[in-house]
Amino acid sequence: MKYSSYFVFTSKEKPSQAYNISHSLLLRGSYILQLAAGIYNFLPLGFRVLKKVWKIIEEEMDRIGALEVLMPAIHPSDLWEKTGRWQTMDDVMFKFQDKKGTKMVLGTTHEEIITYIVSKYAKSYKNLPLLLYQIQTKFRDEIRPKGGLIRAREFIMKDLYSFHTSWECLNKTYQDVYDAYMRIFQRLSIPVEVVEAFSGPIGGDVSHEFMVITDAGEDKFVKCPNCGYAASVEVAKIGSRNIQYSYTPKENLNKIYTPDLKTIDQLVKSIGKKESDFIKSVLYKEGNEYILVLVRGDKEINEIKLSKYLGCEPVLAKEEDFEKLGSVAGFIGPINLRKKIKIIADFSVLGLKNAIIGANEKDYHYKDVDYENILIDEFADISKAIDGDLCYRCRGYYKLFPALELGHIFKLGTKYSEPLEAYFTDKDGKTKPIIMGCYGIGVSRIISAIIEAYSIENSITWTFNSSPFFIYIITVNIDDEKQFNISEKIYKDLLSENIEVLWDDRKESPGTKFKDWELLGIPLCIVVGNKINQGIVELKINSNFPKTLPMNYFDRSFYDLSLSDLITKIKQIYLDLDRKINGIMKI
RNA sequence: CGGGGUGUAGCUCAGCCCGGCUAGAGCGCUUGGUUUGGGACCAAGAAGUCGGAGGUUCGAAUCCUCUCACCCCGACCA
């Protein structure tokens, strides 16, 4: 492509709307253009990147025997009503009615539709397993879209669904997909961490998320540097410290006056103690039973873990519940409650001394309370993991990472096949529900993730398989006949070698062209300038190009090459990269 | 959905508090010229119903009311 006739409109100014680097650079490089909140145009450059990512995913899906389909984006409500998600996913669905008044929805995900398809055809164990996937637009009316492509309301997702006769078969496919995902991220040179995850409204018991560590993300996970266990904070199990507990009531309780200080945050600011000097007490209700949950002040209760531990889903208590217990919201505590209720403490409470707790009296807290002064029924792992928590496996200390989720894989079981009546006849002649798995990748989000992973202030850094072009040609002075002719020849030679090239053939000053090369993020750049009079052109290398590759080309920022060596050298680099990065294909 | 913020030229913003004359700057764009290894220079020029509606006023970008859009922080997700 020639710059002068291509669709490139770079901008020097930082867009006022963009807060994170990927959003900002995608806009500045004219990769995307916003149409509405969370809704973006992919411009020619952006679409080129999207298709690159798309292609890698397709190749890896095809390789594990998955078959590509394309399902509609518009769905009638009935299938969604059958699975109950017409209600449970209501808040993110774009719903509307057609002319006849039939309720319709723009697809948020496709479990219902794919299960419908498979239920029509796969009637025998002989037809299974089946792996079907698509790369398609999803619509989610997110409460808050964010960060450009990071969370959009219309976005491109790869969704794969697998159908099996047995859990053993599902487990095998789950592993295949896991491996395929690792190859996808390797080929895109995205450093991912795989973490155990919560399966949420998609369903299923086991799931893994593929995360990239970045502040631009919306998730958090902990990882144990000692044994490698990693899990999203929603599910991360925390080890218990080896501390004995024997209840010893405190004789004289010391009250402190804490007017209107109801939250830990307010208390910390006012009293000047650390968050971890407090014990947070939260009152839950399950049926007619009350449960008081205690957690160290710097920690949060994890309701997912709490529900799992209790085997039910307690709800937060209301104002009148506090009164019934002779307490008051904001000042509730485990000591001197009017009624004996169940008290569960998180492991983080073990060993706490001289803590501050609610006194069950408006505007008062108790101080100097030790953990053993509290009558605790049970200790359990019910808090969100934070930095420094104990690894439940090896007793190492967790590190907390901010992360962006790029992929998520689930074992669904029969959550969808039963309500949608996707049954097959097994060898034994019996009718059984199909066992399912589902596996997503945020295709458009990956684009942002690559930028977040490698890019700096004014410069994108694409990876080998994601860059819209492999090489950029700068003709320093386009009016110089010699420079022009040589540039044109190089351009044509590269095209004939099938190397994607963008030639900056504009009548602009050199600085402008160098800045554009950097902003656009293309790995290599050929500079055709004055050195041409000595028969030399320069080959420049994006200094941020992922160094994880064992390739010495990238030790230097530029090479002076004779014209005769240039194309050979570029071909050699290209083929080496291709072999090293895409070579994992050839097993 | 709660809290905070912003809408003025293609982009980034000033002007608004304290109403006043033809609404400004930089970048970008157009034309001509000079330049050409790190966002060049000179000259001339085009470009804005000040997000929208209503109101107050002799007079509104500026004050008031309503409204729309977008962004940021929190609970959900690829």
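Protein chains get the first letters and strands the later ones, always in sequence-line order, with residue 1 at the start of each.
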When rounded to the nearest Å, what value does the distance between C1' atoms of B/G15 and B/C63 take? 16 Å
Which of B/A78, B/G37, B/A75 is nearest the side chain of A/R144? It is B/A75
Heavy atoms from C-beta onward define the side chain here; which of B/G39, B/U35, B/C70 lies closest to that of A/Q17? B/C70
Which whole number of Å gives the distance between the C1' atom of B/G7 and that of B/C50? 10 Å
A/K95 NZ/CZ over A/W80 ring centroid, <6.0 Å and within 45° of normal: no
side-chain N/O A/K138 vs B/A78 OP1/OP2, d < 4.0 Å: no
What is the nucleic acid contact for A/K146, judged by heavy atoms within less than 4.0 Å: base, sugar-phosphate only, or nothing? sugar-phosphate
From the list B/U35, B/C27, B/G37, which nucleotide is the closest neighbour of the side chain of A/E538? B/G37
Residue whose closest nucleotide on RNA chain B lies nearer the 5' end, A/I536 versus A/E218: A/I536
Could you check which nucleotide pairs with B/U30 in any of the strands shown, counting Watson-Crick or G-U wobble with both distances under 3.5 Å? B/A44
Span that lies between the P atom of B/A9 and that of B/A61, in whole angstrom: 14 Å
Per atom distances to the A/A37 side chain, the nearest of B/A78, B/C71, B/G39 is B/C71
Out of the candidates A/I526, A/I471, A/I490, only one should pair with A/V501 under the side chain to side chain contact (heavy atoms under 4.5 Å, CB included) rule; please name it. A/I471
On RNA chain B, check which nucleotide each of A/S444 and A/W517 is closest to and give me the residue with the more 5' one. A/W517
Does the side chain of A/V476 come within less than 4.5 Å of A/Q483's, by heavy atoms? yes
If you take the centroid of each ring, where Trp contributes its six-membered ring, are A/F7 and A/F9 closer together than 6.0 Å? yes
Where the side chain of A/K515 is defined as all heavy atoms beyond and including C-beta, which of B/A78, B/G39, B/C70 is the nearest nucleotide? B/G39
Could you tell me whether A/R28 contacts a base, only the sugar-phosphate backbone, or nothing, with contacts defined as non-hydrogen atoms closer than 4.0 Å? base
So A/G529, base contact, sugar-phosphate only, or nothing? Heavy-atom distance under 4.0 Å. base
When we call it a touch if two heavy atoms are under 4.0 Å apart, what does A/G148 touch: a base, just sugar-phosphate, or nothing? nothing
B/C18 and B/U65, which share atom name P, separated by this distance in whole Å: 14 Å
Tell me, which pairs form a ring-ring contact (aromatic ring centres under 6.0 Å, His included) where one or both residues lie in residues 38-60 of chain A, sequence neighbours left out? A/H23-A/Y40
Just to be sure I understand the rule, does A/D516 reach a base, reach only the sugar-phosphate, or reach nothing, if contact means heavy atoms closer than 4.0 Å? base
Using a heavy-atom cut-off of under 4.0 Å over every strand shown, decide if A/D479 touches base, sugar-phosphate, or nothing. base
Check this one for me: any side-chain N or O of A/S509 less than 4.0 Å away from OP1 or OP2 of B/A40? yes
OP1 or OP2 of B/U6 versus the side-chain N and O atoms of A/S16: is any pair under 4.0 Å? no
Quick one: which of B/C71, B/C76, B/G39 gets closest to the side chain of A/Q34? B/C71
Sugar-phosphate only, base, or nothing, as touched by A/D219 at under 4.0 Å among non-hydrogen atoms: base
From the set B/A78, B/U36, B/G37, return the single nucleotide nearest to any side-chain atom of A/H408. B/A78
Is there a stack between A/F155 and B/A78, judged by ring centres under 5.5 Å and planes under 30°? yes
Determine the contact category for A/I143: base if any of its heavy atoms lies under 4.0 Å from a base atom, sugar-phosphate if only primed atoms, P, OP1 or OP2 are that close, otherwise nothing. base
Sub-6.0 Å ring centroid separation between A/F210 and A/H408: no
Among B/C72, B/C70, B/U12, which nucleotide sits nearest the side chain of A/A36? B/C70
Who does B/U22 pair with, Watson-Crick or G-U, both distances under 3.5 Å? none
Shortest side-chain distance from A/R140, nucleotide among B/U36, B/G38, B/A78: B/A78
With C1' as the reference atom in both, quote the distance from B/A14 to B/U62 in angstrom, rounded to an integer. 14 Å
Verify whether one side chain among A/Y472 and A/D504 offers a donor that lies under 3.5 Å from an acceptor in the other. yes
Any strand is fair game: report the nucleotide pairing with B/G7 by Watson-Crick or G-U wobble, both distances under 3.5 Å, or none. B/C68
Side chain of A/N477, heavy atoms from C-beta onward: which of B/U36, B/C71, B/U12 has the nearest atom to it? B/U36
